[in-house]
Every structure is written in structure tokens, then in C-alpha cells.
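Have a look at the structure below before the remarks.
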Amino acid sequence: MNSKMMKRILLLGAIALMPFFAQAQCEGWNWPEDRSSAEEKNVLYTDALRNGDFQAAKAPHLWLLKNAPSLNTSIYINGEKIYKGLIEETKDEEKQQVYIDSLMLIYDMRIANCNEKADVMARKAYSAYRYNVKKKNELQNVLKLFDEAYSLNGDNVDYYMHVPYMSVVVYNKKYLDNLSDTEILERYDKIMEVIDHNINQGGKYADKLSDYKGTIDGLLVSVVDVNCDFVRTNLAPKFEKNPNDLKLAKKIFAFMLNGKCTDDPLWLEAGKVIQDQEPSYGLAKNLGLKFKGSGENERAEKYFNSALELTEDPAQKAEMYIMLGSMKSGAAARDMYRKALSVDPANKDAYSAIGNLYFNSFNQCKEEKDIVKDRAVFLAAYDMFERAGNTRGMQSAQEQFPSKEEIFSYDYTKGDKLTVNCWINETTTIRSRD
């Protein structure tokens with residue numbers, strides 16, 4: 001055994017062989033029988049730590065760990081600072097690993113002596129990730145620590161733990177190939193459940209957690225080919241057995257959306273389950289668009305109306321009225337577009353939509369007695385396109401205006417007011433195309 005390895009064993013042994021008093025408490029100050037020595041060591045190490053002298057802090061701190069392990073939580077909080085400081089300032093890799101291993105033992109002693117397992121296990125997992133994740137022989141242990149930390153803390157895992165946990169999962173798969181797709185997905189689900197819970201709770205990290213979801217999705221697909229076939233093979237049978245399983249529905253919906261297989265009936269079924277149990281404007285809108293695209297207008301209308309009820313945002317309401325109008329014709333369609341304008345008067349799409357209705361009504365409304373009156377639908381369409389700022393629509397409508405000769409022949413004058421017949425019943429101004 002070489003001298004470096006011997007030193008490592010001796011340094012670790014100094015901590016590892018100390019007594020652990022399981023489920024003790026470190027509240028208050030629990031001075032040992034030799035109080036004067038403990039007070040002296042406490043002053044020595046805290047002064048050295050305050051001055052950033054981690055080497056000088058190590059020996060008196062070690063004495064306290066050995067002789068007064070339940071003295072106070074501060075010896076573990078400060079011990080973490082000491083060994084992190086030693087790790088950062090040490091260039092020698094073997095000595096650095098000694099300090100890393102010693103830090104891990106500090107966490108173990110705090111768990112054993114201070115009854116703070118959940119919080120400290122999370123701190124230990126994160127430190128193990130920080131210092132050991134690039135070491136192949138440590139990867140399995142780091143994963144185990146994260147598994148335990150999440151098991152102990154549940155929804156209370158700190159926000160900064162999620163991406164490292166998924167990263168550790170990925171490293172284990174890539175470098176050790178010791179996880180199946182199912183085992184990876186189980187951990188992914190666990191992380192996402194905690195994130196979703198905490199986003200729903202609000203708080204200052206909600207936006208950051210939303211960003212993390214995309215990062216974690218990216219990590220997942222780097223090791224698991226979550227394509228549509230994967231979903232059909234692995235998740236569809238479970239969904240058939242539990243068609244109201246919200247968590248499973250969310251997973252199917254997200255994976256199939258990411259895999260761009262939203263034409264699959266399974267995606268729609270998953271979406272409907274989510275909408276039934278956790279209704280939202282965005283999902284109702286997307287389901288409506290999907291059914292509209294497949295010609296299922298009755299279903300589409302149901303979801304567009306549902307979306308209307310789920311938002312107070314004027315722009316969103318207007319968008320839904322426009323969607324509803326697009327599935328109707330004539331006056332019924334215009335009523336919807338006018339409702340869009342009533343909630344959002346500045347909505348240009350609604351004006352364009354009305355313009356298109358008028359433009360396309362020529363064959364329906366023409367009487368073939370008065371060409372100027374027949375072509376008045378294009379004058380009305382132009383008015384709507386103009387209000388929308390739709391220059392292309394304006395140009396198309398203008399090309400269909402009556403000619404100067406037609407205006408003259410039918411005894412009209414440019415600039416006169418004219419009421420458009422049929423269902424339109426709008427008053428417009430006579431203009432010519434030439």
C-alpha cells in the first residue's frame with residue numbers, strides 16, 4: 001500500500017471510527033464532561049474558520065467530532081464549510097478525495113447524532129453530485145443518495161436538486177448502463193411530480209422550475225427514445241387498464257406531443273382525461289383545434305366554449321370566438337366575430353374574418369339585376385379589411401369593385417352611400433376599381 005493511500009485511510013479513520021449516537025439531538029449546547037477543553041477547541045476552530053484557515057480549523061474541529069459529537073448542530077454546519085473549503089483549495093486529487101469522503105462522513109454523523117436525516121441526506125446527495133458525479137466508480141452511490149433524498153423529502157425537495165438528479169440518472173445510464181428505460185422513467189416521473197406540485201404552490205422559484213422541466217425533458221430523451229412507438233408499447237396498455245389515471249395521461253400527452261404524433265387517437269384520449277380532471281384554457285383550445293382539424297366540429301365547439309369559460313383574458317376570449325365563427329357561415333359566423341370585437345375591440349383578426357365572409361358571399365348574395373349592388377359585397381369587405389390593416393385583402397377586394405362605367409350605367413355616383421343587401425345589411429361607400 002502506498003503512502004498516499006495510507007494517509008487517506010488514516011484521515012478518514014479519524015472520523016469514521018468516532019462514536020455515532022443514533023437519534024440523538026443537537027439542539028442547544030450539550031457540553032461534555034471536559035467542558036473547558038471543548039470550549040477551547042470550539043473557539044479555536046471557529047476563529048480559524050472565520051479567517052478562512054481551513055487547515056487550522058481541522059484539528060480542533062476533529063477533536064469536537066470525536067469527543068462531543070452531539071455538542072451542537074453548528075459543528076456539522078461548520079464542518080461542511082471546513083471540508084468544502086479544503087476540497088476547493090486542494091489541488092492534489094488523492095488528498096482532495098480524502099476531504100470529499102470526510103465531508104460525506106460529516107453528513108453521516110449529523111444524521112446519526114442530530115436526527116436531521118431528510119434535510120441532511122439532500123445536502124449529502126447534492127455534495128456527492130458536485131464532487132463525485134464525474135467519477136465512474138462513484139456514480140452508482142450518488143444515484144442511491146438522490147433516490148434516498150427524494151424518498152425522505154417528498155414534495156419538499158429543494159428546487160436546485162431536480163436537474164442534478166436527472167443528470168445523475170443520465171450518467172448512470174450512459175457510463176454504467178445499469179438502468180432500464182422503466183427505471184429511468186420512474187425517476188423522471190418522481191422529479192416531475194415534485195416540480196409540478198411546487199409550481200402549483202407558487203412561490204419565487206415557480207418560473208425557474210418551469211424552465212427546469214424543459215431541461216429535464218431534454219435529459220430524458222438523451223437516454224430514452226421516447227417516440228410514439230415507445231408510448232404505444234409501454235404506456236398505452238397501462239392507460240387501457242386505468243383510463244382515468246391523470247399522471248399517466250399527462251405523461252402520454254407530453255411524450256406524444258414531443259414526438260409529434262398528435263394525430264394518434266391515444267393523444268386525444270389522454271388530453272380529454274387531463275381536461276376533465278384539470279381543465280385549462282390552453283388544453284381546451286388545443287383539443288378544440290385538433291377536433292376542428294379533423295372535421296369534428298361539434299366536439300371542437302364543445303372545447304372552444306369550454307376554453308371561453310376558463311379565461312378572463314380578452315385576447316384569449318376573442319381568439320375562441322373567432323374559432324367558433326370559423327365553423328359557421330353567414331350571419332351566425334359574423335355574430336361570433338362581433339363577439340370577439342366586443343371583448344377585444346382592437347382585434348384585427350376579427351375584422352379580417354368578417355371581411356372574408358363578405359368577400360366570399362358574392363355568389364350567395366348576387367341578384368344579377370344591378371351589378372353595382374351585387375359587387376357592393378366587395379366594398380363592404382374592403383371596409384373590414386381596411387379596419388384590420390389587411391392590405392392584401394384590401395387589394396383583392398378593390399380588384400372586384402364595380403368599374404366607373406358600371407357605376408355610371410346604373411345611375412350611381414362615386415362616394416354615394418349604398419346598403420348591401422342579403423344577410424350583410426351593411427352601409428358602404430361606392431368606389432370603382434379603375
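Computed from a predicted structure; not experimentally measured.
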Distance alone, cut at 3.5 Å: any donor-acceptor contact between the side chains of Asp383 and Thr428? yes

Do you know the tightest heavy-atom contact between Val169 and Leu179? O-CD1, 3.7 Å

So, Lys173 and Asp177, do they make that salt bridge, N to O below 4.0 Å? yes

Derivation of the side chain to side chain contact (heavy atoms under 4.5 Å, CB included) call for Asn347 and Ile322: CA-CA 10 Å; Asn347 191 294; Ile322 290 170; 3.4 Å; yes

Do Val194 and Asn198 come within less than 4.5 Å of each other through their side chains, counting heavy atoms only? yes

Please check if any side-chain donor atom of Asn132 sits under 3.5 Å from a side-chain acceptor atom of Lys135, or the reverse. yes

Any salt bridge between Lys285 and Glu319, counting N to O under 4.0 Å? yes

Do the ring planes of Phe378 and Phe359 sit parallel (below 30°), tilted (30 to 60°) or perpendicular (above 60°)? perpendicular

Taking side chain as C-beta onward, heavy atoms only, is Gln96 less than 4.5 Å from Lys91? no

Salt bridge flag under 4.0 Å for residues Lys348 and Glu386: no

So, Glu426 and Tyr358: side-chain donor and acceptor under 3.5 Å apart, yes or no? yes

Tyr76 and side chain to side chain contact (heavy atoms under 4.5 Å, CB included): which partner among Ile111, Leu71, Ile106? Ile106

Phe146 vs Tyr129 aromatic rings, parallel, tilted or perpendicular, using cut-offs 30° and 60°? perpendicular

With a 3.5 Å cut-off and no angle check, do the side chains of Ser127 and Tyr107 form a donor-acceptor pair? yes

Among side-chain atoms of Ser74 and Asn72, is any donor-acceptor pair under 3.5 angstrom? yes

Does the distance from a Lys or Arg side-chain N to an Asp or Glu carboxylate O, for Glu193 and Lys251, drop under 4.0 Å? no

Verify, without hydrogens or angle tests, whether Lys366 (side chain) and Asp374 (backbone) share a donor-acceptor contact under 3.5 angstrom. no

Tell me whether the NZ or CZ atom of Arg187 lies within the 45° cone about the ring axis of Tyr165 and under 6.0 Å from its centre. no

Kindly determine whether Tyr45 and Asn78 satisfy side-chain hydrogen bond (donor to acceptor under 3.5 Å, both in side chains), including the steps that lead there. CA-CA 9 Å; Tyr45 100 79; Asn78 288 331; 3.0 Å; yes

Separation between CG of Leu357 and CD1 of Ile424, rounded to the nearest 0.5 Å: 8.5 Å

Residue pair Ile354 / Arg387, side-chain heavy-atom distance below 4.5 Å: no

Please examine the side chains of Asn421 and Cys365, heavy atoms only from C-beta on, and report whether any two atoms are closer than 4.5 Å. no

Salt-bridged, Lys302 to Glu298, with N to O below 4.0 Å? no

If we only count heavy atoms from C-beta on, is the Arg431 to Tyr382 side-chain gap below 4.5 Å? yes

Salt bridge or not between Lys117 and Asp108? Use side-chain N to carboxylate O under 4.0 Å. no

Give a yes or no on whether a salt bridge exists between Glu80 and Arg123, defined as a side-chain N under 4.0 angstrom from a carboxylate O. yes

Report the C-alpha distance between Phe255 and Trp267 in whole Å, list the side-chain angles of each, state the deciding distance to 0.1 Å, and finish with yes or no for ring-ring contact (aromatic ring centres under 6.0 Å, His included). CA-CA 9 Å; Phe255 288 161; Trp267 183 81; over 10 Å; no

Any Lys/Arg nitrogen of Glu278 or Lys250 sitting under 4.0 Å from an Asp/Glu carboxylate oxygen of the other? yes

For a 4.5 angstrom cut-off between non-hydrogen side-chain atoms, does Ile216 reach Ile195? yes

Would you say that Met327 contacts Lys292 through its side chain, given a criterion of any heavy-atom pair below 4.5 Å between the two side chains? yes

Have Lys290 and Thr262 got a donor and an acceptor in their side chains that come within less than 3.5 Å? yes

Just checking, is any N or O donor in the side chain of His162 or Tyr150 under 3.5 Å from an acceptor N or O on the other one? yes

Check Lys58 with Glu89, please: is the shortest side-chain N to carboxylate O separation under 4.0 Å? no

With salt bridge (charged side-chain N to carboxylate O under 4.0 Å, His left out) as the rule and sequence neighbours excluded, what pairs involving residues 227-240 come up? Asp229-Arg232, Arg232-Asp264

Arg375 and Gln400 side chains, donor-acceptor separation under 3.5 Å: yes

Salt bridge check: are Glu296 and Arg299 linked by an N-O gap of less than 4.0 Å? yes

